[in-house]
Protein chains: 2
Amino acid sequence: MAALKYSRQRESIKRFLMSRYDHPTADTIYLHVREEFPNISLGTVYRNLALLTELGEIIKITTDGPDRFDGHVEPHSHFLCRKCHSLLDVHLEDESFIDQQAQKNFPGMIDGHSVLYYGICSDCAK
Amino acid sequence: MAALKYSRQRESIKRFLMSRYDHPTADTIYLHVREEFPNISLGTVYRNLALLTELGEIIKITTDGPDRFDGHVEPHSHFLCRKCHSLLDVHLEDESFIDQQAQKNFPGMIDGHSVLYYGICSDCAK
DNA sequence: CATAATAATGATAATGGTTATTGTTTCTTA
DNA sequence: TAAGAAACAATAACCATTATCATTATTATG
């Protein structure tokens with residue numbers, strides 16, 4: 001049943017995401033990986049992004065507009081600049097604290113969260 | 001320039017959202033409002049949802065799948081059940097605390113956030 | 001090593017949610 | 001009550017994403 005096979009394209013996508021901290025879209029990833037694999041198709045990029053997300057090797061960030069991807073899976077949050085729309089990392093001292101606080105007033109079982117902060121990034125604030 | 005004009009359709013959309021706590025999609029809203037306005041078009045629903053969101057009278061919640069809408073704008077968070085995909089309200093004791101914590105380690109200016117919790121709702125846990 | 005089995009690919013069509021366009025209708029105000 | 005403008009219904013267009021399918025690459029096996 002669906003034994004995973006190695007693919008150079010997938011490897012390349014993963015490597016690219018690990019090298020980046022700007023949370024590129026599928027299209028940006030496509031344009032980059034195409035330098036190494038000129039014939040790669042956008043469908044292959046999407047397919048592998050979905051697969052890697054399912055495997056927990058990358059994170060998919062859903063916002064307004066196209067999804068963005070993060071090759072760094074340690075728990076952290078994100079910030080979206082209202083001006084330049086860049087998506088930046090935010091590191092909280094204790095990510096699990098958020099879940100604990102919410103759990104106090106919520107009857108279901110909370111096992112995770114995703115936070116998106118909004119504001120003006122330091123570059124745009126200048 | 002763009003003086004806002006009253007519309008019964010918009011009124012009805014707003015009224016419906018205020019009466020609900022289940023964060024319906026544009027399509028669900030469309031199906032409901034159609035009972036009152038059988039000729040309303042889906043485009044009108046989208047147009048008014050965008051307008052109301054811009055005015056701050058409702059909140060747009062972007063997740064995987066179609067956007068969902070909330071007629072209650074007091075600060076609160078949301079919970080998405082991994083099983084039944086219902087979207088529920090979560091009320092934190094202090095919503096602004098999250099911003100303050102993040103601001104400690106972030107150089108830009110944070111002026112808001114949206115949190116989406118994940119887990120199993122109390123109904124599905126049974 | 002050769003070959004069979006099957007997962008992954010590239011090319012492309014299809015989908016689904018959302019936005020834009022256009023001609024008509026409904027509000028507003030003067 | 002008539003002119004001007006915003007909102008409408010109908011529908012086409014758009015864009016991100018997913019599905020299809022014939023071919024190629026990777027892995028398992030004899």
Side-chain angles (χ1 to χ4, degrees), chain A residues 1-17 22-55 57-70 78 80 85 87 116, chain B residues 1-17 22-55 57-70 78 80 85 87 116:
Chain A
M1 62 289 271
L4 199 64
K5 261 176 201 173
Y6 174 81
S7 107
R8 291 174 269 178
Q9 289 87 340
R10 182 158 62 239
E11 161 91 23
S12 177
I13 289 167
K14 174 103 188 272
R15 200 162 3 95
F16 178 59
L17 280 176
D22 64 346
H23 315 91
T25 63
D27 204 64
T28 303
I29 296 164
Y30 170 61
L31 290 176
H32 175 88
V33 177
R34 204 144 66 137
E35 292 171 15
E36 190 176 353
F37 298 93
N39 293 330
I40 194 171
S41 117
L42 185 53
T44 296
V45 173
Y46 273 104
R47 189 166 355 94
N48 281 300
L49 288 172
L51 181 52
L52 290 169
T53 300
E54 209 172 334
L55 294 173
E57 297 190 26
I58 66 174
I59 289 168
K60 178 167 87 165
I61 305 159
T62 299
T63 66
D64 263 19
D67 291 342
R68 307 182 67 160
F69 295 88
D70 192 335
H78 295 109
L80 184 62
H85 304 103
L87 189 61
L116 187 57
Chain B
M1 62 288 272
L4 200 62
K5 261 178 201 173
Y6 174 82
S7 107
R8 290 173 270 176
Q9 289 88 340
R10 180 159 63 239
E11 162 89 23
S12 177
I13 289 166
K14 173 102 187 271
R15 201 161 3 93
F16 177 59
L17 279 177
D22 64 346
H23 315 90
T25 62
D27 204 64
T28 302
I29 296 164
Y30 170 62
L31 290 175
H32 175 89
V33 177
R34 204 145 65 137
E35 292 172 15
E36 191 177 350
F37 298 93
N39 294 331
I40 196 172
S41 118
L42 185 54
T44 297
V45 172
Y46 273 104
R47 188 167 358 92
N48 280 301
L49 288 172
L51 180 52
L52 289 168
T53 300
E54 209 171 334
L55 294 172
E57 296 191 26
I58 65 174
I59 289 167
K60 179 166 84 165
I61 304 159
T62 299
T63 65
D64 262 21
D67 290 342
R68 307 181 68 160
F69 296 88
D70 192 334
H78 296 106
L80 183 62
H85 304 104
L87 189 61
L116 188 57

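Every heavy atom of this structure was used, including side-chain atoms; hydrogens, water molecules and symmetry mates were not.
The distance from atom CD of A/E11 to atom C1' of C/dA8 is 15 Å, rounded to the nearest whole Å. Rounded to an integer number of Å, the gap from CZ of B/R10 to P of C/dT25 is 20 Å. Rounded to an integer number of Å, the gap from A/Y30 OH to C/dG10 P is 9 Å. In this structure, the CG atom of B/L52 is 11 Å from the P atom of D/dA7, given to the nearest Å. Separating the CZ atom of A/F37 from the P atom of C/dG10 is a distance of 8 Å, rounded to the nearest angstrom. For the pair B/I40 CD1 and C/dT25 P, the computed distance is 17 Å after rounding to whole Å. One can place CG of A/D64 at 16 Å from C1' of D/dC14, the figure rounded to the nearest angstrom. As rounded to whole Å, 12 Å separates atom C1' of C/dT12 from atom CG of A/L42.
Where B/N39 and A/S7 meet DNA chain D, the nucleotide closest to each residue was compared, and B/N39 sits on the side nearer the 5' end. Mapping A/R47 and B/A50 onto DNA chain C by nearest heavy atom places A/R47 at the nucleotide closer to the 5' end.
Note that CG of B/D70 and NZ of B/K60 are 14.0 Å apart. Values are rounded to the nearest 0.5 Å. Once rounded to the nearest 0.5 Å, the distance linking OG1 of A/T28 with NE2 of A/H23 reads 13.0 Å.
Across all strands, A/R8 comes closer than 4.0 Å only to sugar-phosphate atoms, never to a base (heavy-atom distances). At the heavy-atom level, A/Y46 lies under 4.0 Å from base atoms of the strands shown. At a threshold of 4.0 angstrom between heavy atoms, the contacts of B/N48 are confined to the sugar-phosphate backbone, with no base atom among them.
When every heavy atom of B/F69 is checked against every heavy atom of B/L49, the shortest pair comes out as CE1-CD1, 3.6 Å.
The base of D/dA25 is not paired with the side chain of A/K5 by any donor and acceptor separated by under 3.5 Å.
Between A/T44 and the phosphate of C/dG10, there is a side-chain N or O to OP1/OP2 separation shorter than 4.0 Å. B/Q9 has no side-chain polar atom (N or O) that falls below the 4.0 Å cut-off from OP1 or OP2 of C/dT26.
For the residue pair B/E36 and B/S12, a side-chain donor N or O sits within less than 3.5 Å of a side-chain acceptor on the partner.
More than 12 non-hydrogen atoms from other residues, nucleotides or ligands lie less than 6.0 angstrom from CZ of B/R15.
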